[in-house]
Visitor: 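After the structure tokens below, expect a handful of questions from me.
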Amino acid sequence: MDCAYYNARQCASCALIETPYAGQIDQAQQQVAASLGLDVNDLALPVRSTESGFRNKAKMVASGTVRSPLLGIVDRAGHGTDLSCCPLYPEAMHEALDVLKGFITRARLVPYSIVDRTGELKHVLVTISPDEQIMVRFVLRSTEPLARIKKYLPTLQSALPSMVVATVNVLPEHKAALEGEREIFLTEQTSLPMRLRDVTLHLRPRSFFQTNTELAQALYDHARTLAEPAHPATVWDLYCGVGGFALHLAPVSSHVTGVEISDEAIASAELSAATAGLDNTEFIVGDATEFATAQLGRGNTADLVVVNPPRRGIGSRLAALLNESSVGTVLYSSCNPTTLARDLTMMDSYVLEHVELLDMFPHTSHNEVLVCLRKRL
Ligand SMILES: C[S@@+](CC[C@H](N)C(=O)[O-])C[C@H]1O[C@@H](n2cnc3c(N)ncnc32)[C@H](O)[C@@H]1O
């Protein structure tokens with residue numbers, strides 16, 4: 001992939017960009033195999049991504065001025081770089097970001113300065129669906145610009161008709177966070193339909209979604225293929241987010257329970273299940289380890305458990321709980337092979353049956369890995 005920002009030394013996020021894509025995949029396979037103490041030939045065929053235009057979410061820091069806003073990254077000295085034509089995004093995202101810069105000028109949204117702690121607009125978060133519909137979120141220091149945003153919203157909607165959801169998120173504190181707790185909807189529509197092949201996930205703000213939609217589809221499909229031979233009557237999808245695994249496993253199971261810490265993500269999952277007419281799913285706001293501890297403590301179990309934790313992994317408590325449980329199959333989807341390897345050392349009552357790299361984050365050293373663990377007989 002050719003990138004003008006990288007060539008001009010304005011952005012170094014894609015650290016592997018100079019390595020041809022086939023070489024990146026080989027390197028990733030070797031890293032995953034080494035982390036798990038396996039031979040590279042023990043891994044399944046890797047799932048490749050398209051090399052550009054695959055990223056569905058732009059998390060842009062606002063900088064510059066009202067007249068000439070920049071959407072991209074900011075260094076510690078407060079110097080901003082516009083990355084709105086980043087080739088990781090599809091063309092429709094580039095067009096949307098361009099329109100949004102015009103809106104920032106029109107609505108006089110003063111970019112927040114991390115050095116002076118002045119200004120209002122901290123971030124612009126844009127998500128694009130497979131149908132090229134868009135959710136836009138303005139992360140503000142306060143609600144001071146809200147009236148102007150509302151006033152000029154109709155002009156933004158005319159210029160960007162694909163924008164079906166728009167919100168203001170309020171982040172008053174000066175801290176390294178992407179978003180705050182308070183979300184104010186500007187549109188009647190409150191969720192963005194992410195239409196995968198046979199499941200539509202209704203994404204509300206403040207909910208995690210896999211950043212590469214094509215690879216997310218592959219991940220959920222492959223999880224279903226690995227689940228099917230186990231004929232699982234009961235499934236727990238721990239760290240379920242907006243329910244991607246749960247909703248793909250619902251057709252091959254009698255009952256699926258999703259557990260997730262974010263209430264917004266659970267609201268998304270419930271909406272998606274209801275819209276799909278599913279009556280065998282249940283979603284619970286809570287901590288994954290606490291849920292498993294309580295259920296297993298009461299003698300309740302599952303035939304199959306999916307875990308898809310943040311980078312820190314599932315940790316020793318949940319790994320030990322699963323290891324001592326009668327859960328027959330565990331599908332562990334990890335974005336960090338190091339914590340995956342650490343957790344697996346505590347799960348020796350399982351056989352590592354399948355290990356697969358999914359290149360969710362091309363041009364970086366980050367990888368998604370899906371493993372299937374079956375209980376030793
Ligand atoms: C890598 S994302 C996976 C989301 C989902 N499985 C998917 O495919 O989109 C990890 C999720 O874990 C959630 N999470 C973080 N800590 C948690 C906890 N202690 N218990 C339950 N969920 C948690 C996050 O909010 C996030 O949605």
Side-chain angles (χ1 to χ4, degrees), residues 47 55-57 59 127 129-130 135 177-179 181 183 191-197 199-224 226-227 235-250 256-273 281-296 302 304-319 321-322 330-340 343 356 358 360-361 366-371:
V47 183
R55 245 187 109 88
N56 57 32
K57 187 167 182 182
K59 303 174 186 176
T127 308
S129 76
M135 172 158 65
L178 191 63
E179 59 191 23
E181 294 287 307
E183 198 85 22
S191 62
L192 180 68
M194 300 293 282
R195 192 177 50 79
L196 302 181
R197 196 171 25 257
V199 168
T200 298
L201 296 164
H202 294 268
L203 182 64
R204 288 175 61 87
R206 291 171 50 222
S207 307
F208 173 91
F209 194 85
Q210 308 282 354
T211 56
N212 184 328
T213 312
E214 186 192 354
L215 269 279
Q217 176 75 73
L219 179 63
Y220 300 140
D221 282 350
H222 294 193
R224 183 161 53 193
L226 290 165
V235 172
W236 295 345
D237 176 7
L238 305 183
Y239 309 89
C240 71
V242 298
F245 287 100
L247 296 178
H248 281 83
L249 294 176
V256 182
T257 306
V259 181
E260 157 66 46
I261 206 85
S262 154
D263 54 355
E264 275 296 297
I266 287 293
S268 302
E270 284 173 339
L271 175 63
S272 303
T281 58
E282 168 189 22
F283 293 96
I284 297 171
V285 179
D287 173 79
T289 306
E290 296 308 326
F291 170 84
T293 307
Q295 292 299 319
L296 294 168
L304 183 144
V305 172
V306 179
V307 289
N308 182 208
R311 288 186 63 74
R312 65 176 184 271
I314 62 173
S316 55
R317 254 182 82 202
L318 183 52
L321 270 172
L322 291 171
V330 176
L331 298 179
Y332 191 145
S333 179
S334 162
C335 58
N336 185 345
T338 306
T339 54
L340 170 66
D343 291 338
E356 175 180 312
L358 297 106
M360 190 76 82
F361 320 99
H366 296 287
N367 299 304
E368 189 73 23
V369 183
L370 176 64
V371 308

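Below, each value reflects all heavy atoms present in this structure, side chains not excepted, and no hydrogens, waters or symmetry copies. Note that ligands are numbered from 1 as they come in the structure, with each ligand's atoms numbered from 1 the same way. Computed from a predicted model, the values in this text were never measured in an experiment.
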Visitor: Show me, pair by pair, the donor-acceptor contacts under 3.5 angstrom made by side chains of residues 287-295, not counting sequence neighbours?
Guide:
residue : atom : partner : partner atom : Å
Asp287  : OD2  : Thr289  : N            : 3.1
Asp287  : OD2  : Glu290  : N            : 2.8
Glu290  : OE2  : Arg317  : NH1          : 3.2
Thr293  : OG1  : Thr289  : O            : 2.6
Thr293  : OG1  : Arg317  : NH2          : 3.3
Gln295  : OE1  : Asn300  : ND2          : 3.0

Visitor: Does Glu270 have any side-chain hydrogen bond (donor to acceptor under 3.5 Å, both in side chains) partners at least two apart in sequence or in another chain, and if so, which?
Guide: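 Counting only residues at least two positions away or on another chain, Glu270 forms no side-chain hydrogen bond (donor to acceptor under 3.5 Å, both in side chains).
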Visitor: Side chains of Asn212 and Gln217: is there a donor and an acceptor less than 3.5 Å apart?
Guide: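 Result is no, nothing qualifies.
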Visitor: Closer than 4.0 angstrom, basic N to acidic O: yes or no for Glu181 and Arg206?
Guide: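 Looking at Glu181 and Arg206, the cut-off is met.
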Visitor: Could you tell me the separation between the CG atom of Leu201 and the CG atom of Leu192, rounded to the nearest 0.5 Å?
Guide: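 One gets 10.5 Å once the value is rounded to the nearest 0.5 Å.
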Visitor: Between ligand 1 and the protein, find all N/O pairs closer than 3.5 Å and give the distance for each.
Guide:
residue  : atom   : partner : partner atom : Å
ligand 1 : 6 (N)  : Tyr239  : O            : 2.9
ligand 1 : 6 (N)  : Asn308  : OD1          : 2.8
ligand 1 : 8 (O)  : Gln210  : NE2          : 2.9
ligand 1 : 8 (O)  : Tyr220  : OH           : 2.7
ligand 1 : 8 (O)  : Asn308  : OD1          : 3.3
ligand 1 : 9 (O)  : Tyr220  : OH           : 3.4
ligand 1 : 16 (N) : Arg312  : NH2          : 2.9
ligand 1 : 19 (N) : Asp287  : OD1          : 2.7
ligand 1 : 20 (N) : Ala288  : N            : 3.0
ligand 1 : 22 (N) : Ile261  : N            : 3.2
ligand 1 : 25 (O) : Glu260  : OE2          : 2.6
ligand 1 : 27 (O) : Glu260  : OE1          : 2.8
ligand 1 : 27 (O) : Glu260  : OE2          : 3.3

Visitor: Can you list everything that forms a ring-ring contact (aromatic ring centres under 6.0 Å, His included) with His202? Sequence neighbours excluded, please.
Guide: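 His202: no ring-ring contact (aromatic ring centres under 6.0 Å, His included) contacts found.
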